[in-house]
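Have a look at the structure below, then the notes.
It should be emphasised that the depicted structure is a prediction, and the values quoted were computed from it without experimental measurement.
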Amino acid sequence: MKVSIIGAGNVGATTAQRLAELDIADVMMLDVVDGLAQGKALDIAQAAPVMGYNVDVAGTNDYSDISGSDIVIVTAGIARKPGMDRDDLLTTNIKITREVCSHIQEHTPGAIIMTVTNPLDVTTYAAVKCTQQERGRVFGMSGLLDSSRFATFIAKEIQCNVRDVNAMVLGGHGDSMVPLPEYTTVSGIPLPGLMEKETIDRLVQRTVNAGAEIVGHLKTGSAFYAPSAAVAIMTEAILKDTKKIVPASVYLDGEYGLRDICLGVPVKIGKRGAEEIIELKLTVDQEHALKQSAEDVRRSILKI
């Protein structure tokens, strides 16, 4: 199996490292900066004897080297800086996404495409429209990251094992994301049974601001450890056909009453990509919040 990663920045390179350590596929990293992907790939390859993985990790500046990929992960784009929101990246990163997708179509048209570049739902929509692939073979990593952040804050709040927390966050990957406490559990116990609404609301708000909180600390970059972990797990689900259910940004065609938009909803991940959309029963307030999130994403889509 072969996975190609477009962009050898922090997210791309850390994703390459995580995939290598999973020992499930050869990894090709591509970047427009001469030597960047090659140097990082060589460093990851030289860790193999220590870590015990046995896959090929290589870097390139030539798109022809991604041919034969089973999955292409798109991380290329500029990162957020303090004071920026995800939509501030819109014009530059959509242009980059469209250019990348044209190269993917030329050199490895059968590959499943996973987008990571922000603003995530809009770049995913652009990738769907550019490639005209079968629905589900182009989708974005976002909801799993947001859910992981929500789970982290919950575990810290109640001082439990983070492995016991299963969180669910839907909607756009931005300020209008929709965490679902009723579908978030700790050892099977729904979150409202464990904490007061005021506490849940505080954790929800921190989840919404989680990316900006990291950007504020770093000053010159954005998150990459947690995003790369989410990408790696979703890639593994495809390559191993595990049918793992996670929230991801997919093209909707009537599901949740929404059409012609990419938005975070629960999907089943397997060898064909996002194979099935899971429609949850939402409360009236949750339905309203999801539609509001969709409208926020749609306003950004209209700009491109």
Side-chain angles (χ1 to χ4, degrees), residues 1-7 11-30 44 53-58 65-76 97 100-101 103-105 107-117 120-121 123-125 127-128 130-148 166 168-170 173 224 226-252 255 262-278:
M1 308 294 277
K2 178 179 179 180
V3 177
S4 288
I5 302 169
I6 312 301
V11 175
T14 310
T15 297
Q17 178 187 2
R18 293 194 188 279
L19 290 176
E21 291 174 354
L22 286 173
D23 204 28
I24 54 176
D26 292 335
V27 180
M28 177 62 68
M29 223 180 348
L30 182 147
I44 295 169
Y53 49 84
N54 186 37
V55 293
D56 185 57
V57 183
D65 290 329
I66 72 171
S67 63
S69 297
D70 297 283
I71 304 170
V72 179
I73 300 163
V74 182
T75 72
T97 298
V100 167
C101 286
H103 287 297
I104 294 171
Q105 286 299 93
H107 295 288
T108 186
I112 291 170
I113 300 171
M114 189 191 310
T115 58
V116 187
T117 304
L120 189 284
D121 304 282
T123 59
T124 304
Y125 183 87
V128 168
C130 288
T131 61
Q132 294 293 303
Q133 282 234 41
E134 176 187 348
R135 188 168 74 135
R137 294 186 67 82
V138 181
F139 58 93
M141 184 291 299
S142 57
L144 180 55
L145 169 61
D146 296 327
S147 298
S148 179
N166 286 292
M168 180 63 70
V169 178
L170 305 187
H173 184 51
F224 56 95
S228 65
V231 175
I233 288 301
M234 291 171 70
T235 302
E236 182 182 41
I238 297 168
L239 295 178
K240 293 185 176 180
D241 194 26
T242 63
K243 312 298 185 186
K244 186 176 182 67
I245 295 176
V246 299
S249 184
V250 293
Y251 185 84
L252 299 178
E255 296 84 4
C262 288
L263 203 68
V265 296
V267 298
K268 184 184 294 181
I269 304 290
K271 64 182 178 182
R272 299 191 307 277
E275 297 184 344
E276 180 184 347
I277 294 172
I278 311 296

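- For the pair D65 and L30, the minimum side-chain heavy-atom distance is 4.5 Å or more.
- Among residue pairs with one or both ends in residues 237-249, those qualifying as salt bridge (Lys or Arg N to Asp or Glu O under 4.0 Å) are E236-K240, D241-K243, K243-E275; sequence neighbours excluded.
- Within a 6.0 Å radius of CD in E134, no more than 12 heavy atoms belonging to other residues, nucleotides or ligands are found.
- Heavy-atom minimum distance, V128 versus C262: CG2-SG, 4.1 Å.
- For the pair E255/V265, no side-chain contact is recorded, criterion being any heavy-atom separation below 4.5 Å from C-beta on.
- Applying the side chain to side chain contact (heavy atoms under 4.5 Å, CB included) rule to R18 yields the partners T14, Y225, S228, A229, A232; only residues at least two apart in sequence or on another chain are considered.
- Separating the CG atom in L239 from the CG atom in L19 is a distance of 8.0 Å, to the nearest 0.5 Å.
- In terms of heavy atoms, I44 sits closest to A13 at CD1-O, 3.7 Å.
- With contacts defined as side-chain heavy-atom distances shorter than 4.5 Å, the pair T123/V74 does not qualify.
- In this structure the side chain of V3 never reaches within 4.5 angstrom of the side chain of T15, judged on heavy atoms.
- Taking the side chain as every heavy atom from C-beta outward, H173 and L145 approach each other to under 4.5 Å.
- When all heavy atoms are compared, the tightest approach of V250 to A274 is CG1-CB, 3.8 Å.
- In this structure, Q105 has no side chain to side chain donor-acceptor pair (under 3.5 Å) partners at least two apart in sequence or on a different chain.
- Taking the side chain to side chain donor-acceptor pair (under 3.5 Å) definition, one finds that S249 meets it with D121, sequence neighbours left out.
- Residues passing the side chain to side chain contact (heavy atoms under 4.5 Å, CB included) test with S147, sequence neighbours excluded: A167, V169, P247.
- Although no hydrogens or angles enter the test, the distance criterion places a donor-acceptor pair under 3.5 Å between the side chain of Q133 and the main chain of A111.
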ask   = So I278 and I245, side chain to side chain contact (heavy atoms under 4.5 Å, CB included) or not? Walk me through it.
value = CA-CA 8 Å; I278 311 296; I245 295 176; 4.3 Å; yes
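- Here the closest non-hydrogen pair linking G68 and T108 is N-OG1, 3.6 Å.
- Atoms OG1 and CD1, from T75 and I6 in turn, are 8.0 Å apart once rounded to the nearest 0.5 Å.
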request  = With side chain to side chain contact (heavy atoms under 4.5 Å, CB included) as the test, would you mind laying out the steps for I269 and T242 before giving the verdict?
outcome  = CA-CA 7 Å; I269 304 290; T242 63; 5.9 Å; no
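- For the atom pair CE of M141 and CG of D146, the computed distance is 8.0 Å after rounding to the nearest 0.5 Å.
- Considering CG of L263 and CG of L120, their distance stands at 10.5 Å, rounded to 0.5 Å.
- Contact annotation: the side chain of V231 never approaches that of P227 to less than 4.5 Å [non-hydrogen atoms, C-beta and beyond].
- When side chains are defined from C-beta on, V100 does not count as touching V72, because their heavy atoms never get closer than 4.5 Å.
- Across all their heavy atoms, A20 and V27 have their closest contact at N-CG2, 4.5 Å.
- Every residue meeting the side chain to side chain donor-acceptor pair (under 3.5 Å) condition with T115, not counting sequence neighbours, appears here in chain and number order: T124.
- Qualifying side chain to side chain contact (heavy atoms under 4.5 Å, CB included) partners for D23, counting only residues two or more places apart in sequence or in other chains: Y53, N54, V55.
- Taking S69 as the reference, S4 meet the side chain to side chain donor-acceptor pair (under 3.5 Å) condition, with sequence neighbours excluded.
- R272 and I112 make their closest contact through C-CD1, 3.7 Å (heavy atoms, listed as atom of the first residue, atom of the second, distance).
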query = Please walk me through it: do M114 and T235 pass side chain to side chain contact (heavy atoms under 4.5 Å, CB included)?
reply = CA-CA 9 Å; M114 189 191 310; T235 302; 3.6 Å; yes
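- A search for salt bridge (Lys or Arg N to Asp or Glu O under 4.0 Å) contacts involving K268 returns E276, not counting sequence neighbours.
- Every residue two or more places apart in sequence or in another chain was checked for a salt bridge (Lys or Arg N to Asp or Glu O under 4.0 Å) with D56, and none qualifies.
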